[in-house]
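The structure appears below as structure tokens.
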Number of protein chains: 2
Amino acid sequence: MKKRFYDDACGAAHALELVGDRWALLVIRELLLGPKRFSDLRTGLPGISANVLTQRLEDLEAKAVVVRRKLPPPASAWVYELTPWGLEAEEIVKVIGRWAARSPSHDPSLPISVSSTVMSMRTMFAPERAKDMTGKIGFRLGREEFVATLAKGRLTIGRGAADEADVVVEGDQQALAGAIYGGVPLAKLEKAGALNVKGDRALFERYIRLFPLPEKAPDAKAFRAPE
Amino acid sequence: MKKRFYDDACGAAHALELVGDRWALLVIRELLLGPKRFSDLRTGLPGISANVLTQRLEDLEAKAVVVRRKLPPPASAWVYELTPWGLEAEEIVKVIGRWAARSPSHDPSLPISVSSTVMSMRTMFAPERAKDMTGKIGFRLGREEFVATLAKGRLTIGRGAADEADVVVEGDQQALAGAIYGGVPLAKLEKAGALNVKGDRALFERYIRLFPLPEKAPDAKAFRAPE
DNA sequence: CGGCATCCGGGAAGATACTG
DNA sequence: CAGTATCTTCCCGGATGCCG
């Protein structure tokens, strides 16, 4: 009937049955930092249509990657949340993201979601650059707040109250990504009103250099055979 | 690629543009152990049709993941080979394979390709079980030969002449997978003529216990809300 | 507003047959 | 052996509309 299976015992093939559908892994990416509602998922996935999102969520729920849960009153809204095993897919998102960062065809100027921006810090963090750094950096991106904690050369970052931090960065994620990955000077972003830094500014200046991009791989032209 | 971009600067999203098409990652899996010809790729990917394979190979070549190369005479055949960066996608295949091994819906009784079987050993190898083991295991699976080398708690496995090893295992990959992951007794497989072990048999008996499967994650029923 | 069903058009994947 | 060519099937994406 539905001969669209890979029919392959290989773990990788089974993984593709689970999360190989279009958008599926990006839905997981959006949930890695915590539960979200349907419309917040759509915000983070510009271009997905409601019916496709519905179907992906149903599939992922049936496969025990995602759970649909009702928040207690007064919120009383439905949220989608990764199961503990679904949360383990974080490694997948990080590894493929790190691999694709070397792609010769990657265009970093495209729009990026809040969750992606935060996840990119988890992904690209270079511990050897943070050996002697300590402190907390708070982020206020749109209506979401996150806290990054540096200690003993390790970085933890997740949802949390931004104002508990040594420095609070407020603005939009696109500008933050520009500062971290695009080499855009902080002063310029502040002047443009895209970012606002309050508190230990020097800490944040050092922080944004903790996420080096890997060298680009050669593109297809480099492999044109002489034949 | 196609007109259906994700339009997302996130590395994971870009990775899906590169290898998110159906079959693409499995094509890469088949090439991880070295160059292959078109028809050998088809053998390892039961179910893929020729035109889809053609298209994937063209796509992957355009994206500098794969190179198409002509073997020198007298072979003079076309082969497909991963670029150095394409080879780095091994991490992706291993991570998603390891993640999917915990899936409650994984069916290990499906057919499995020779490359998958060899790659599964790279993926599931547990170094802590091999601390004091040393030796070489040769495999003759179909017309392909591989050698696994154990030294200092590390495993390397790839194409190589099987008869240089301390023990040579001959037969089909399905039976080998059954011995390693299915707990099928070796004697039974030999009696059935599916596997043939020559040489240091005790080494191979220990070898097949180096690849433990992870615990299954709870399935969707476990998350049914009390309502 | 949030979530889901339905209809439709376009295009990708599958099956089969065929060619150099 | 290494792919094309063609036809069919079905998934994806957009629009609309229903229901709480």
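Since we're looking at a predicted model, the values are computed, not measured. Chain A is the first sequence line, chain B the second, and so forth, proteins listed ahead of strands; every chain is numbered from 1.
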Check whether A/F223 forms a cation-pi arrangement with B/R68 (NZ or CZ under 6.0 Å from the six-membered ring centre, at most 45° off the ring normal).
no
Between D/dA2 and B/R37, is there an OP1 or OP2 to side-chain N/O distance shorter than 4.0 Å?
yes
With a cut-off of less than 4.0 Å, is there a side-chain N or O of B/R22 near OP1 or OP2 of D/dC11?
no
Sorted by chain and residue number, the salt bridge (charged side-chain N to carboxylate O under 4.0 Å, His left out) partners of A/E17 (sequence neighbours excluded) come out as none
Could you note down all residue pairs passing ring pair (Phe, Tyr, Trp, His ring centres under 6.0 Å) where residues 89-124 of chain A supplies at least one of them, sequence neighbours left out?
A/W99-B/W85, A/H106-B/H14
Rounded interatomic separation in angstrom, taking CH2 from A/W23 and P from D/dC12
12 Å
Name every donor-acceptor pair, under 3.5 Å, that has one atom in a side chain of residues 23-35 of chain A and the other anywhere in the protein, sequence neighbours excluded.
unit_1: A/R29; atom_1: NE; unit_2: A/S116; atom_2: OG; d: 3.0
unit_1: A/R29; atom_1: NH1; unit_2: A/S116; atom_2: OG; d: 3.0
unit_1: A/R29; atom_1: NH1; unit_2: B/D8; atom_2: OD2; d: 3.1
unit_1: A/R29; atom_1: NH2; unit_2: A/G44; atom_2: O; d: 3.4
unit_1: A/R29; atom_1: NH2; unit_2: A/S116; atom_2: OG; d: 3.3
unit_1: A/R29; atom_1: NH2; unit_2: B/D8; atom_2: OD2; d: 3.1
unit_1: A/E30; atom_1: OE1; unit_2: A/K36; atom_2: NZ; d: 2.7
unit_1: A/E30; atom_1: OE2; unit_2: A/S113; atom_2: OG; d: 2.8

Near DNA chain D, which residues from residues 39-61 of chain A have a heavy atom under 4.0 Å away?
A/G47, A/S49, A/N51, A/V52, A/R56
N or O in side chain of B/Y80 less than 4.0 angstrom from D/dG3 OP1/OP2
yes
What's the CG-C1' distance between A/D21 and C/dA12, to the nearest Å?
13 Å
Atom-pair distance (CG on B/L16; P on D/dC12), nearest Å:
13 Å
In chain order, what residues pass the ring-ring contact (aromatic ring centres under 6.0 Å, His included) check against B/F211, with sequence neighbours excluded?
B/Y207
Can you list everything that forms a salt bridge (charged side-chain N to carboxylate O under 4.0 Å, His left out) with B/E144? Sequence neighbours excluded, please.
none
Spacing of A/F5 atom CZ relative to D/dT9 atom P, expressed in whole Å
19 Å
Atom NZ of B/K70 and atom P of D/dA2 are separated, to the nearest Å, by 11 Å
